[in-house]
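Scroll down for the structure; my scribbles are underneath it.
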Amino acid sequence: MPSALRQRASAALARPRARANIRRAMDGLVAKRLAVFPDEEELERLRDQGQAIRDEALARLPQLLEQLEQRAQANGIAVHWAADAAAANAIIAGLIQAAGASAVLKGKSMVSEEIGLNAHLAGLGISAIETDLGELILQLAHEHPSHIVAPAVHKDRAEVAVLFARAFPELLPADFDPATVSIETLTALARQVMRTRFRDTPVGLSGVNFAVAETGTLCLVENEGNGRMSTSVPAVHIAVTGIEKVIPRLADLAPLLTLLTRSATGQPITTYVNLISGPRRGDERDGPCAVHLVLLDNGRSRIHADPELRATLRCIRCGACMNHCPVYTRIGGHGYGTVYPGPIGAILEPQLQGLARQGELAQASTLCGACAEVCPVRIPIPALLNRLRHAQAEGPWTGPDPAAAGRDWRQALLWRLWALIYSSPWRYRWLSLALTRLRGPLGLLAGRGALPLVSTISGATREPVQM
């Protein structure tokens, strides 16, 4: 019986339309990133600087979190600590209920996906209204994001038009045709829907790209304006983020934003860069009356405690590793079955959820190294994948289930045979000679269908990968 990961990957490979959409988008993002980093030396200097900032932040994490709390509170931001997903959900739900609201406007937040916030709120009768266009599309389709930057990258314009036609028939123009409608028309339709919701919903929720310890400032970058609306129009703003997003100084934002936006979408800068320093003050005419910051651990402290695995927490969520990954490009985010897909998900999810649940994700990589070559903060993803594979292989015996933590007996047998052969020159030479002599019979068997796997692999065609 194939594992759950293999079943999801097979299902993803059987969806040619989604695969074409993903491939087209990834090729475009790769080309755009290449265009905005024309100077290789400048890029490497920026990567060095970005890595140094993130490493300093992680080295001083406890101190910087305390400083962030003090500065944020001095600015009028209420700070809440959540040890796990259940605690974060309880805090957020409590804040919404305290505001007397039955709904919350949500800007794009991967952490809210990580903790399962929408489902938790639905169980309490609270509606989670997605305001990001991609997230809105997925909410209408009852799907989860397939990319951390472009959540609905697997859907094309016509598919989105069909979803909008079902959800908002009363707003459609007379000549609305899903096959020919323009992206501008769909965007205008979404804007028309969201304007009313922004005006009528008293609580907004957002993620945080960076939290500045020096000033207690929350930085949020976006392109649609929904983040700015969600954090400034409602009376209450709730920001939720992982504890690793803290950085030491306000001056650190410039290089990190340069790396983030160019690596993510190939833009010199996003349309909106929001710096949130507290609630509305005195005679200010707009802004929320209350701002809350929820700092989530959820396994991050455990990752931080390991000197090697700590590099995982450098991630600035640009998605460049996914854009360049040959595995992600073929199966998309839903093939991974986790909140964080792609190469970063393959190292992060097994650490957050444990090898017993997500250890097989570490195998979902060719180890080609493209992810490490483009990571703006130099996360050594292939090395960390090998570390996780080693940890899984050296774990306790759990039988032949490759998704469980522990040694797979088939892999163990294969590597024992490999060690037996390669540790002896005469055994290696004997086997090489035997296989050379058997090449003819093996080829004949393959031609007759007796070795379908060999013939399938040898005859397979490979898609080109743009680096």
Side-chain angles (χ1 to χ4, degrees), residues 17-18 21-22 25 92 96 101-122 126-173 176 178 181-209 220-234 237-240 264-265 270-272 274 317 319 332-334 339 341:
R17 185 171 184 175
N21 293 337
I22 293 169
I92 295 170
I96 297 171
S102 59
V104 58
L105 292 169
K106 287 183 71 247
K108 195 164 80 66
S109 165
M110 292 306 297
V111 168
S112 72
E113 295 285 342
E114 177 185 334
I115 63 178
L117 178 62
N118 287 15
H120 178 78
L121 294 179
I126 300 172
S127 301
I129 303 170
E130 299 290 354
T131 66
D132 175 83
L133 180 56
E135 296 282 2
L136 173 62
I137 291 167
L138 295 182
Q139 190 171 43
L140 296 177
H142 305 290
E143 296 179 11
H144 295 290
S146 63
H147 193 285
I148 62 175
V149 174
V153 69
H154 58 291
K155 292 194 176 296
D156 56 39
R157 177 184 57 190
E159 291 174 302
V160 174
V162 170
L163 289 172
F164 278 19
R166 292 173 182 169
F168 316 118
E170 71 283 0
L171 300 179
L172 300 181
F176 187 86
V181 65
S182 68
I183 294 175
E184 291 75 15
T185 298
L186 292 175
T187 304
L189 180 61
R191 183 183 298 115
Q192 184 179 355
V193 171
M194 293 313 306
R195 288 285 170 167
T196 302
R197 296 179 177 180
F198 284 127
R199 185 179 63 247
D200 297 340
T201 309
V203 180
L205 182 139
S206 75
V208 177
N209 291 101
L220 176 64
V221 298
E222 42 135 355
N223 279 315
E224 299 175 11
N226 65 297
R228 181 162 295 184
M229 297 283 281
S230 298
T231 60
S232 61
V233 176
H237 169 213
I238 304 169
V240 56
T265 57
T270 51
T271 306
Y272 298 92
N274 305 293
R317 303 293 191 268
H334 292 161
V339 171

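Closest approach of Gly225 to Tyr272, counting heavy atoms only: N-CE1, 3.2 Å. Closest approach of Thr131 and Ser230 over heavy atoms only: OG1-OG, 3.4 Å. Minimum interatomic distance between His237 and Thr231 (heavy atoms only, all atoms of both residues): NE2-CG2, 3.3 Å. The two residues Ser146 and Pro341 come nearest to each other via the heavy atoms O-CG, 3.9 Å. Looking at every heavy atom in both residues, Gly107 comes nearest to Asn226 through CA-ND2, 4.0 Å. Heavy-atom minimum distance, Pro178 versus Val162: CB-CG2, 4.0 Å.
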Test side-chain contact (heavy atoms from CB on, under 4.5 Å) applied to Arg317 and Asn209, step by step: CA-CA 8 Å; Arg317 303 293 191 268; Asn209 291 101; 5.8 Å; no
Residues Arg228, Glu222; criterion side-chain contact (heavy atoms from CB on, under 4.5 Å); working and verdict: CA-CA 8 Å; Arg228 181 162 295 184; Glu222 42 135 355; 3.6 Å; yes
Steps toward side-chain contact (heavy atoms from CB on, under 4.5 Å) verdict (Asn21, Arg157): CA-CA 10 Å; Asn21 293 337; Arg157 177 184 57 190; over 6 Å; no
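Under the 3.5 Å distance criterion, with hydrogens and angles disregarded, a donor-acceptor pair is assigned to the side chains of Thr271 and Asn223.
Judged by distance alone, with hydrogens and angles left aside, the side-chain atoms of His334 form a donor-acceptor pair with the main-chain N or O of His144 at under 3.5 Å. For Glu159 (side chain) and Ala18 (main-chain N/O), no donor-acceptor pair under 3.5 Å exists by modelled atom type.
With sequence neighbours excluded, no residue forms a side chain to side chain donor-acceptor pair (under 3.5 Å) with Glu113.
Between Glu135 and Lys106 the shortest side-chain heavy-atom distance does not fall below 4.5 Å. Using a 4.5 Å cut-off on side-chain heavy atoms (C-beta onward), Val339 and Pro145 make no contact. The side-chain heavy atoms of Leu172 and Leu189, taken from C-beta on, include a pair separated by under 4.5 Å. At least one side-chain heavy atom of Ile92 sits less than 4.5 Å from a side-chain heavy atom of Ile115. Two residues are said to be in side-chain contact when any heavy atoms from C-beta on lie closer than 4.5 Å; Met229 and Arg195 meet this criterion. No side-chain heavy atom of Val111 sits less than 4.5 Å from a side-chain heavy atom of Val208.
One distance of note links CG of Leu105 with CD of Glu130; it measures 10.0 Å at 0.5 Å rounding. Atoms NZ and CD, from Lys108 and Glu224 in turn, are 9.5 Å apart once rounded to the nearest 0.5 Å. Considering CZ of Arg197 and OG of Ser127, their distance stands at 9.0 Å, rounded to 0.5 Å. Ile129 CD1 to Thr201 OG1: the interatomic distance, rounded to the nearest 0.5 Å, is 4.0 Å. Atom CG of Leu171 and atom CZ of Phe176 lie 10.5 Å apart (nearest 0.5 Å). A distance of 8.0 Å separates OG of Ser232 from CG of Asn274, quoted to the nearest 0.5 Å.
Under the 4.0 Å criterion applied to side-chain N and carboxylate O atoms, Lys155 and Glu143 are assigned as salt-bridge partners.
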